[in-house]
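What follows is a single structure, written as structure tokens, with notes after it.
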Amino acid sequence: MYPDPQSRSAKLYARAREVVADGVSRTTIAMHPYPLYVTGGDGARIRDVDGNELIDFNNNYTSLIHGHARPEITEAVSAQLQHGAAFSFGTEAEIELAELLCARVPGFERIRFCNSGTEAVMNAIKAARAHTGRAKIAKCEGAYHGSYDYAEISLGVGPDHWGDAAQPAAVAYSKGTPQRAMDDVVVIPFNDIVASQRLIEENADQLACVLFDPVSSQVGMVGPAPGYLEMLRDVTRRHGILLVFDEVIAFRLGHGGAQQAYGVSPDITALGKIIGGGFPVGAVAGTAEAMAVFERNGGKAALPHGGTFNANPVTMVAGRAAMALMDETAFADLNALGERLRSQLREAFVLANEEGQVSGEGSLFKMHLHSRPLTGYREAWARPAEQARMAAIQRQLMNAGLFVSPTGLGCLSTAMSGAELDRLSEALVEALRATREGT
Ligand code: PMP
């Protein structure tokens, strides 16, 4: 049972704290009073150092579309490792993954690889700046785009700081963020067509790009309202602003990513997670015109872009193996499983007679402990009591052998079937009952 001060995880965490700042190298895996340590994973399951087995609905925060240790990926990586892991030269593996991705999405005429979604977003913003000669970006209130200063503005903001709904405040996420970064970010309210368009137009001559995640995990994980994306595409095009999609998570939505699912093509897309087959990855893809900033044309590129491990062949072969397995049928099957899980989880709220709803698209889901309409960031934002109860539910689920994130977010992998879905929806009924007020 978690927490157990005598567990091996608790002891490893105490040891880690002596050498690793805060004991972990990523905020997203920190848990109170200690994070779990694992020995490995296989398909949909992971095993922790205390011998507990968990069904993994987190999949390393959505990056593992096939779950753990999928043989085709392991074999591709093992074969590559026999020949070396990184070179200061090109490899054919890079071209092969680039060809696969560019063949799937019409807007991907050129691509560049890097090592994380954070880098992908940073490079997309820098590309938009280099292309337009403008400094500012616009992004949705509360949306998560990794940890580049500008992309972090307004992340996690609550009612104490968020200001006017029609003109959300540009709030720093980390202490020490330069005021200049806040000044260069225009925060727009997700799905509010009128206010967003007005804010973009007011800043049009200074905006390099609008950075947008069509299914932001922090903005309720709901898709864009009818007309919102079309408005973004239209207003950016009219003012020479680049439209940048962050599909680091949203590329999961289908064979051609979120842009195919929603029928709107951005100028640049930031990618990460699933395209690396479980290995560190990021990429910037876009039209040849937008991506021209990376071209040297015999001199220095407008946007020089280095990176010791960019396009390393281990990541490239893993990504290619993972994505090749995801043909149209595989996406359709996985997304159908997602639809089934969302409906089973909704049913669990009904069975437990508890207020709540489930959002998400494709193979993604997010549970909410309220019935406010999920129209925008402020409505979806979990109140402190809801956050605390969701964390308690997550713990209950963990003790029942099921792992979702503490914010109620999760995703499926191709290693799952109806059996795992049933386990989660049944356990949710129990967890809702066990955490009911007054129990
Ligand atoms: N954008 C989005 C939408 C993300 O969800 C994330 C990570 N969860 C990132 C960017 C950053 O990616 P990474 O963690 O690989 O830096």
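What you are looking at is a predicted structure, and each value in this text was computed from that prediction instead of being measured. Only heavy atoms go into these numbers, but all of them, side chains included; no hydrogens, no water, no symmetry mates.
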Has Phe309 got more than 12 heavy atoms of other residues, nucleotides or ligands less than 6.0 Å from its CZ?
-> no

Between Tyr34 and Ser7, does a side chain to side chain donor-acceptor pair (under 3.5 Å) hold up when you go through it step by step?
-> CA-CA 10 Å; Tyr34 59 88; Ser7 64; 3.1 Å; yes

Please step through ring-ring contact (aromatic ring centres under 6.0 Å, His included) for the pair Tyr173 and Tyr144, ending with a clear verdict.
-> CA-CA 11 Å; Tyr173 184 60; Tyr144 182 58; 7.8 Å; no

For Tyr61, is the NZ or CZ atom of Arg26 found under 6.0 angstrom from the centre of its six-membered ring and inside 45 degrees of the ring axis?
-> no

Show the numbers, then the answer: is there a side chain to side chain contact (heavy atoms under 4.5 Å, CB included) between Ile55 and Met416?
-> CA-CA 9 Å; Ile55 301 176; Met416 291 176 170; 4.1 Å; yes

Mind checking the CG-CZ spacing from Leu341 to Arg346? Nearest 0.5 Å is all I need.
-> 9.5 Å

Any ion pair linking Arg233 and Asp267 (charged N to carboxylate O, less than 4.0 Å)?
-> yes

Side-chain contact, heavy-atom cut-off 4.5 Å: Leu345 with Leu424?
-> yes

Determine, stepwise, if the pair Glu94 / Arg112 fulfils salt bridge (charged side-chain N to carboxylate O under 4.0 Å, His left out).
-> CA-CA 9 Å; Glu94 173 183 10; Arg112 294 275 291 207; over 6 Å; no

Side-chain heavy atoms of Val171 within contact of Met182, under 4.5 Å = no

Sole residue of Ile73, Asp42, Thr74, Ile46 in side-chain contact (heavy atoms from CB on, under 4.5 Å) with His68 | Ile46

Would Asp183 and Gln179 satisfy side chain to side chain donor-acceptor pair (under 3.5 Å), going step by step from the backbone distance to the final call?
-> CA-CA 6 Å; Asp183 295 344; Gln179 183 59 45; 2.8 Å; yes

Close side-chain approach of Pro266 to Val244, heavy-atom, < 4.5 Å = no

Give a yes or no on this: more than 12 heavy atoms of other residues, nucleotides or ligands lie within 6.0 Å of atom NZ of Lys136.
-> yes

At their closest point, which heavy atom of Ile268 faces which heavy atom of Val284, and how far apart are they?
-> CG2-CG1, 3.4 Å

Interatomic distance, CD1@Ile241 vs SG@Cys209, rounded to 0.5 Å, equals 9.0 Å

Using the side chain to side chain donor-acceptor pair (under 3.5 Å) rule, take Thr177 and Glu152 through it: C-alpha gap first, then chi angles, then the decisive distance, then the call.
-> CA-CA 10 Å; Thr177 305; Glu152 263 187 351; 5.2 Å; no

Take His66 and Ser413 through the side chain to side chain donor-acceptor pair (under 3.5 Å) test and state the conclusion after the steps.
-> CA-CA 5 Å; His66 299 294; Ser413 74; over 6 Å; no

Would you say Arg70's side chain and Leu64's backbone share a donor-acceptor pair under 3.5 angstrom?
-> no

Measure from the side-chain N and O atoms of Asn203 to the backbone N and O of Leu199, and report whether any donor-acceptor pair falls under 3.5 Å.
-> yes

d(Asn310 CG, Cys114 SG) to nearest 0.5 Å is 6.0 Å

Using the salt bridge (charged side-chain N to carboxylate O under 4.0 Å, His left out) rule, take Glu201 and Arg238 through it: C-alpha gap first, then chi angles, then the decisive distance, then the call.
-> CA-CA 10 Å; Glu201 282 178 339; Arg238 272 192 289 112; 3.3 Å; yes

Angle class for the Phe212/Phe190 ring planes (parallel below 30°, perpendicular above 60°, tilted otherwise)?
-> parallel

More than 12 non-hydrogen atoms from neighbouring residues, nucleotides or ligands closer than 6.0 Å to CZ on Arg180, yes or no?
-> no

So, are Glu339 and Arg342 salt-bridged, with charged N and O less than 4.0 Å apart?
-> yes

Indicate whether the side chain of Gln387 and that of Arg383 have a donor and an acceptor atom separated by less than 3.5 Å.
-> no

Verdict with reasoning, Leu374 to Glu379, per side chain to side chain contact (heavy atoms under 4.5 Å, CB included) | CA-CA 6 Å; Leu374 295 171; Glu379 295 75 15; 5.9 Å; no

Mind listing the closest non-hydrogen atom pair of Phe108 and Thr269 along with its distance?
-> CE1-OG1, 3.4 Å

Dump the intermediate steps for side chain to side chain contact (heavy atoms under 4.5 Å, CB included) on Tyr37 and Lys11, then the final yes or no.
-> CA-CA 10 Å; Tyr37 286 78; Lys11 288 179 182 154; over 6 Å; no

Grab the two heavy atoms, one from Ala138 and one from Leu207, that are nearest each other, plus how far apart they are.
-> N-CD2, 3.6 Å

Please walk me through it: do Arg129 and Asp184 pass salt bridge (charged side-chain N to carboxylate O under 4.0 Å, His left out)?
-> CA-CA 12 Å; Arg129 287 181 176 147; Asp184 279 341; 5.3 Å; no

Of Leu325, Ile275, Leu334, Leu412, the residue whose pairing with Ile65 passes side-chain contact (heavy atoms from CB on, under 4.5 Å) = Leu334

Are any non-hydrogen side-chain atoms of Val186 and Glu202 less than 4.5 angstrom apart?
-> no

Check whether any side-chain heavy atom of Cys411 lies under 4.5 Å from a side-chain heavy atom of Arg252, and answer yes or no.
-> yes

Might you point out which heavy atoms bring Ala10 and Asp4 nearest each other, and give the distance in Å?
-> CB-O, 3.6 Å

Side-chain heavy-atom pair Arg433, Glu354 within 4.5 angstrom cut-off | no

Using a strict 4.0 Å threshold on nitrogen-to-oxygen distance, state whether Arg378 and Glu141 make a salt bridge.
-> yes

Quick one: pull up CD in Gln394 and OG1 in Thr435 and give me the separation to the nearest 0.5 Å.
-> 12.5 Å

Can Glu72 and Arg320 be counted as an ion pair, charged N to O under 4.0 angstrom?
-> no

Nearest heavy-atom approach of Gly107 to Ser265 is CA-OG, 4.1 Å

Verify side chain to side chain contact (heavy atoms under 4.5 Å, CB included) between Ser425 and Glu347, making sure each step is shown before the conclusion.
-> CA-CA 8 Å; Ser425 39; Glu347 177 127 349; over 6 Å; no

Which pair of heavy atoms, one from Gly142 and one from Val219, lies closest together, and at what distance?
-> C-CG2, 4.2 Å

So, do Met231 and Ser196 sit near enough that their side-chain heavy atoms are less than 4.5 Å apart?
-> yes

CA sep, side-chain torsions, deciding dist, call: Asp56, Arg47, salt bridge (charged side-chain N to carboxylate O under 4.0 Å, His left out) = CA-CA 10 Å; Asp56 188 3; Arg47 187 172 287 274; over 6 Å; no

Residues Arg45, Glu420: salt bridge by 4.0 Å N-O rule | yes

When rounded to the nearest 0.5 Å, the distance separating OG1 of Thr236 from CD of Gln197 is 10.5 Å

Please tell me if the side chains of Leu409 and Val404 come closer than 4.5 Å, counting only heavy atoms from C-beta onward.
-> no

What is the distance from atom CG of Asp213 to atom CG of Asp246, rounded to the nearest 0.5 Å?
-> 5.0 Å

